[in-house]
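What follows is one structure encoded as structure tokens, with my remarks underneath.
Throughout, a chain's letter reflects where its sequence line sits, starting with A, and its residues are numbered from 1. All values reported here derive from a predicted model rather than from experimental measurement.
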Amino acid sequence: MDAGGKIKRPSFGRAGPMQLENFQTLGLPESLHRKTGLFPRLLQAIDPVADIDDGWGSFFDMRFGAHTLDRLATSAAFQVMNKVRVRFAPSPTGFFHIGSARTALFNWLYARARGGVFILRIEDTDRTRNTSEALRVLFDGMRWLGLDWDEGPEAGGGAGPYFQSQRDDFYRDYREKLVAADRAYEKEGALFFRISGEPQVIEDAIRGRVERTEEKDFVIFRSDGSPVFHFVNVVDDIAMGITHVIRGEDHLSNTSKHTELFKAFGVEPPTFAHIPLILKQNGPGKMSKRDEGALIEDYQRRGFLPEAVVNYLCLLGWSPKDDREKMPIEEIIRIFDLPGINRNNARFDERKMRFLNAAYLQEIAPDRYLELARAALDATNEDSAADPRYREEVFLLCREKIRAIDELPGFTGYFFTEDFPIEEKAARKILGKGEPITRLRQFLAAIGDGVDFSDEVALEAIITGLAGTHGVSTGEFIHPIRLAVSGTNVGPGLYGLLRVLGRDRVVARIERFLAAHG
RNA sequence: GCCCCCAUCGUCUAGCGGCUAGGACGUAGGAUUCUCAUUCCUAAAACCGGGGUUCGAUUCCCCGUGGGGGUGCCA
């Protein structure tokens, strides 16, 4: 301990195991160090960057009987003592930006990882646009991603109201405190905050120590009487008992204003964690609303799977450190922590998100997939007249080919019309070698005597039988058949394709093809 | 201009003094003798530069450079 009666914060490194010397710095019995595998988790469960004051001594003096430290870290009593309260505080703009979504996600993850409380607070001061519509976009997006909030609009909670537009009483009270303490003064109609001018040191959970000195007094109430962001943000965080402020790095430079305010109110600032920004896919700068792929509702509309979007967003600035990428959210919650977040900005890459989406898409329940597929095709109206059962067969068949639902319409065209084009390039490639016309005739002849088209195995047997009989590869049959029935050389496996199209379509299409090309 | 943050393949990342610098997306070949946008294998592909510290730096420090952010009576 130093003269101030406080133990200096030990340097744990970033989520690494705790060193013996740090251990000793905390004044803990050396024997406990043998449980070193448990300590990092315990310490992180408490707070990776909190000031270690003498509360620690008494904490460790408490006896938890036979409880291991591991159990202690997750015990109900411990959780209550150290309840994490985080908030996501968006301004309803009518869009749900992907960067905002990730900020919400990291807050939510942290709350869930610590058994804490996730609060949604709406920063709707000086709003003029259609707020209810903007709120709907936000709530829909949050719920779609699975980011449920414990306190906030439509959820209640004891620290409300959760709309800044309804918190004028708080702002007035806190304003009075500053005026009474001579920390605020009026000038040109606006109310200015009188800074201390002291260097503001923040121990960022991600970046470590950051020091910045605020140099000018700043406005906290406009001349029209309305409070500005810095003020309401801090007041609400105090009033709502926020313990950890997890937000974008674009706020890092503002944090010195905020710590000035916290201190002016006599409140110890919360732990800050400034997460890196998401940069646009192409070109310089952070992603903005105008950029391609910037909006959550866009992915929702295009039929992306929320678990894939969430998984991808987790990987943008955070990693499990062990090469895993596709992970269930429960597992991410289990190992998520603040120091594990990167410090550098990350460029958004829709291709990788698409890759993850494909992986999830192949494993979701058929009913869920079909629902998404129907919605996507309803938009094109291409298949409106088709039999519902047939539609489902088509969608299921094409699932393996697509990475996201928005690619589905590109695969289904020829299933729903007899007037599909024969791709010139594919035709040239396939008709140019072997004896495709002969093979088609042989195939027609072979299926003439009652092959069961609902049986892919039987269909395969026909083709392999024909290939064997005529001494050619199965491809000699497969490629021309695919071309004749679909007009292209790419698509689902042939036997499934034939099964779904059914005998009537297949025969008619091949005959028509022969008439045109034979 | 001033202030703050950051820096490993094209992209997302692992690495916390000694490694053939690992994985993933994407890309290029090949395989699965059915295409392919699936799967599998292989390949190309990175430590921004310069000084230190050290027996030894991708790793620690400093300076550049580059990128990002802030600097509103926006949030």
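With A:Phe106 as the fixed residue, the ring pair (Phe, Tyr, Trp, His ring centres under 6.0 Å) test singles out one of A:Phe336, A:Trp318, A:Phe88: A:Phe336. Checked against A:Thr255 for a side chain to side chain donor-acceptor pair (under 3.5 Å), the options A:Arg212, A:Gln200, A:Arg247, A:Glu260 give a single hit: A:Arg247.
Between A:Pro276 and A:Phe221, the one whose closest nucleotide on RNA chain B sits nearer the 5' end is A:Pro276.
Residue-level contact check: A:His251 touches the bases, meaning some heavy atom is under 4.0 Å from a base atom. In this structure, A:Arg403 reaches the sugar-phosphate backbone alone: every heavy-atom distance under 4.0 Å involves primed, P, OP1 or OP2 atoms, never a base. Using a 4.0 Å heavy-atom criterion, one finds that A:Phe477 contacts no nucleic acid atom at all. Among the atoms of the strands shown, only primed sugar atoms or phosphate atoms (P, OP1, OP2) are found under 4.0 Å from some heavy atom of A:Asn345. A:Phe355 comes within 4.0 angstrom of sugar-phosphate atoms only, judged by non-hydrogen atoms across all strands, and of no base. Across all strands shown, A:Gly189 has no heavy atoms under 4.0 Å from either base or sugar-phosphate atoms. Heavy atoms of A:Ala346 sit under 4.0 angstrom from primed sugar atoms or phosphate atoms, though from no base atom. Nucleic acid contact for A:Ser223: base, since at least one base atom lies under 4.0 Å from a heavy atom of the residue. Among the atoms of the strands shown, base atoms are found under 4.0 Å from some heavy atom of A:Glu188.
Here B:U38 sits opposite no nucleotide as a Watson-Crick or G-U wobble pair (both hydrogen-bonding atom distances under 3.5 Å). In this entry B:C48 has B:G64 as its Watson-Crick or G-U wobble partner, both defining distances falling under 3.5 Å. When Watson-Crick and G-U wobble pairs are counted only if both distances are under 3.5 Å, B:U27 pairs with B:A43. B:C2 is paired with B:G70 under the criterion used here, namely a Watson-Crick or G-U wobble arrangement in which both key atom distances are under 3.5 Å. Taking a pair to require two hydrogen-bonding distances under 3.5 Å in either a Watson-Crick or a G-U wobble arrangement, B:U20 remains unpaired.
Inter-residue side-chain proximity for A:Phe443 and A:Leu440 is flagged as unmet; no heavy-atom pair is nearer than 4.5 Å.
A donor-acceptor contact under 3.5 angstrom links the side chains of A:His230 and A:His258, judged on distance only.
Judged by distance alone, with hydrogens and angles left aside, A:Lys321 brings no side-chain donor or acceptor close enough to the base of B:A14 to form a pair under 3.5 Å. Judged by distance alone with a 3.5 Å cut-off, no donor-acceptor contact links the side chain of A:Asp250 to the base of B:G70.
Whole-Å rounding puts the A:Phe218 CZ to B:U71 P distance at 12 Å. Rounded to an integer number of Å, the gap from A:Ile195 CD1 to B:C3 P is 16 Å. Taking atom CG of residue A:Leu396 and atom C1' of nucleotide B:U38, one finds them 16 Å apart after rounding to whole Å. Between A:Lys257 atom NZ and B:C73 atom C1' the separation is 13 Å, expressed in whole Å.
Figure legend: cation-pi geometry between A:Lys187 and A:Phe192, with NZ or CZ positioned under 6.0 Å from the six-membered ring centre and within 45° of its axis. Both tests pass for A:Arg399 against the ring of A:Tyr369: distance under 6.0 Å to the centre and angle within 45° of the axis.
In this structure, A:Lys286 reaches the B:G70 phosphate: one of its side-chain N or O atoms is under 4.0 Å from OP1 or OP2. Checking the phosphate oxygens (OP1, OP2) of B:U33, no side-chain nitrogen or oxygen of A:Ser473 falls inside 4.0 Å.
Rounded to a whole angstrom, the distance from the C1' atom of B:A14 to that of B:C19 is 12 Å. B:G18 sits 23 Å from B:C6 when the P atoms are compared, rounded to a whole Å.
Listed nucleotides: B:A7, B:U11, B:C12. Nearest to the side chain of A:Lys352: B:C12. Nearest nucleotide to the A:Arg351 side chain, out of B:U35, B:C5, B:G10: B:G10.
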